Amino acid sequence: MPEPIVVICGATAGVGRATAVAFAKAGYHVALIARGEQGLRDTRVQIAALGVNVLAISADVADAEALDAAATRIESELGPIDVWVNAAMATVFGPVVTLSADELRRVTEVTYLGSVHGTLTALRCMRPRDHGTIVQVGSALAYRAIPLQSAYCGAKFAIRGFIDSLRCELIHERSAIRLTMVQLPAHNTPQFDWARNKMSWRAQPVPPIHTAEVAARAILRAARQAPRELWLGTASFKAILGTLLMPGLLDRLLARQAWDGQLTAERAPEERADNLFEPVEGMHRTDGRFAGQARPHAVALSAATASGLAVATGALLAFGVGLVLGRRRR
């Protein structure tokens with residue numbers, strides 16, 4: 001049986017790069033898609049050293065035609081695509097009132113439309129065979145928005161809506177193509193060094209922080225098992241379930257805690273390159289600057305399991321409260 005083929009968009013840094021390594025170690029042949037030529041070269045060398053076939057293609061996920069052309073080349077040179085991973089993203093840190101229309105448009109084009117373009121391209125390749133898995137790299141921020149990241153949160157919310165709608169359509173068609181979405185917590189990646197930052201202080205992920213390899217293992221698991229959603233880390237469980245149960249309270253808590261919680265005590269440099277419109281060469285690496293705080297493990301549960309546990313816990317609490325009240329009445 002031939003080795004499976006995986007395509008990873010946003011494959012040259014952070015979670016995407018760690019994911020490429022994880023799939024290569026699992027025996028997949030790997031196609032890398034990203035903008036930066038240097039990052040592609042470095043990642044291709046790293047993956048090739050693991051003994052699998054690797055193809056690196058420079059393309060902007062915001063360009064649907066470029067992704068289609070990349071997929072055609074991948075299937076011609078590597079073989080039929082089995083797994084497609086949408087991991088590319090862009091963001092801007094700053095209050096809504098500081099964001100320009102161009103900045104909002106670009107975050108949307110990369111983070112939301114980039115995932116849509118990738119999904120449509122994957123479907124074009126997979127439909128004739130009625131086989132394949134599309135993995136969407138999501139975030140707890142697809143459920144619980146936070147201050148200073150409105151553009152990114154909006155894009156992640158939109159992705160979840162798009163994937164849910166498409167899933168219904170595939171079920172209606174009785175398609176065997178699988179969709180899965182991994183909702184991630186905070187990770188130690190270069191995102192916080194090269195994302196556009198409108199604040200005076202350097203940005204940081206909201207703790208607890210995890211290594212990029214934690215996300216990569218979850219994405220590989222999702223590709224193999226294809227749960228509807230896979231929630232990673234206790235922070236994600238709390239954010240997702242908390243916003244379903246008490247969104248107003250979380251609004252107030254995050255207004256107090258998540259603003260300063262995303263900023264370090266270190267001043268941001270006045271002149272700083274960012275990757276919003278062009279790649280930043282020399283920064284394509286897996287890890288960011290928070291290695292000392294990054295956890296190497298996290299619990300991962302399917303959304304169905306996590307929701308079931310939450311319901312069971314709530315029922316047990318209600319039962320316990322009922323017993324206490326009953327005894328008091330007696």
Side-chain angles (χ1 to χ4, degrees), residues 6-20 30-37 39-40 43 55-74 81 83-93 99 101-126 132-139 141-142 149-167 179-184 187 189-191 194-196 212 215 219 222-223 274-280 284:
V6 61
V7 178
I8 301 172
C9 297
T12 58
V15 168
R17 187 162 180 166
T19 299
V30 182
L32 312 168
I33 296 178
R35 292 177 299 167
E37 295 285 358
L40 281 168
T43 308
L55 177 63
I57 300 175
S58 177
D60 188 337
V61 296
D63 185 339
E65 291 183 358
L67 276 189
D68 272 341
T72 298
R73 183 180 166 193
I74 290 164
I81 296 168
V83 178
W84 186 289
V85 179
N86 290 312
M89 55 78 65
T91 189
V92 178
F93 290 97
L99 306 183
D102 285 343
E103 290 168 336
L104 288 164
R105 183 181 304 109
R106 179 60 180 167
V107 172
T108 303
E109 287 174 346
V110 174
T111 307
Y112 171 56
L113 288 179
S115 293
V116 171
H117 296 158
T119 300
L120 294 177
T121 298
L123 287 174
R124 177 179 66 79
C125 297
M126 295 173 179
T133 302
I134 301 171
V135 183
Q136 177 58 51
V137 178
S139 167
L141 302 185
Q149 292 209 54
S150 57
Y152 182 75
C153 292
K156 289 297 185 182
F157 269 69
I159 291 168
R160 185 163 63 89
F162 174 79
I163 293 296
D164 285 355
S165 181
L166 174 59
R167 184 183 292 107
L179 291 180
T180 181
M181 189 169 183
V182 184
Q183 310 298 10
L184 301 182
H187 291 276
T189 73
Q191 169 188 344
W194 66 13
R196 181 163 294 190
I219 293 164
D274 64 66
N275 75 335
L276 187 59
F277 292 96
E278 299 292 338
V280 179
H284 289 82

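For the numbers below, each heavy atom of this structure counts, side chains included, while hydrogens, waters and symmetry mates do not. Bear in mind that the values here come from a model prediction, so they are computed numbers and not experimental data.
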How far apart are the closest heavy atoms of [X] and [Y], and which atoms are they?
X	Y	result
Ala222	Val182	CB-CG2, 3.5 Å
Ala13	His284	CB-CA, 4.1 Å
Gly138	Lys156	CA-NZ, 4.0 Å
Leu141	Phe157	O-CE1, 3.1 Å
Ile8	Ala20	CD1-CA, 3.3 Å
Ala151	Leu104	CB-CD2, 3.7 Å

Met126/Ile134 under side-chain contact (heavy atoms from CB on, under 4.5 Å): CA gap, chis, key distance, verdict:
CA-CA 10 Å; Met126 295 173 179; Ile134 301 171; 4.0 Å; yes

Show the numbers, then the answer: is there a side-chain contact (heavy atoms from CB on, under 4.5 Å) between His117 and Asp60?
CA-CA 10 Å; His117 296 158; Asp60 188 337; over 6 Å; no

Within the side chain of [X], is there an N or O that forms a donor-acceptor pair under 3.5 Å with the backbone of [Y]?
X	Y	value
Thr111	Ala90	yes
Arg73	Leu55	no
Ser58	Arg35	yes
Arg196	Leu276	no

Between the side chains of Gln136 and Thr119, does any donor sit under 3.5 Å from an acceptor?
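Thr119 and Gln136 do not have a side-chain donor-acceptor pair below 3.5 Å.
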
Considering the options Asn86, Leu67, Val85, which one meets the side-chain contact (heavy atoms from CB on, under 4.5 Å) requirement together with Ile33?
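Testing Ile33 for a side-chain contact (heavy atoms from CB on, under 4.5 Å) against Asn86, Leu67, Val85 leaves exactly one candidate, Leu67.
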
side-chain contact (heavy atoms from CB on, under 4.5 Å), that's the test. Do Tyr152 and Ser139 meet it? Break it down for me.
CA-CA 10 Å; Tyr152 182 75; Ser139 167; 4.3 Å; yes

Worked verdict on Val107 versus Leu99 for side-chain contact (heavy atoms from CB on, under 4.5 Å):
CA-CA 11 Å; Val107 172; Leu99 306 183; over 6 Å; no

To the nearest 0.5 Å, how far apart are CG in Asp164 and CD1 in Ile159?
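Going from the CG atom of Asp164 to the CD1 atom of Ile159 covers 12.0 Å.
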
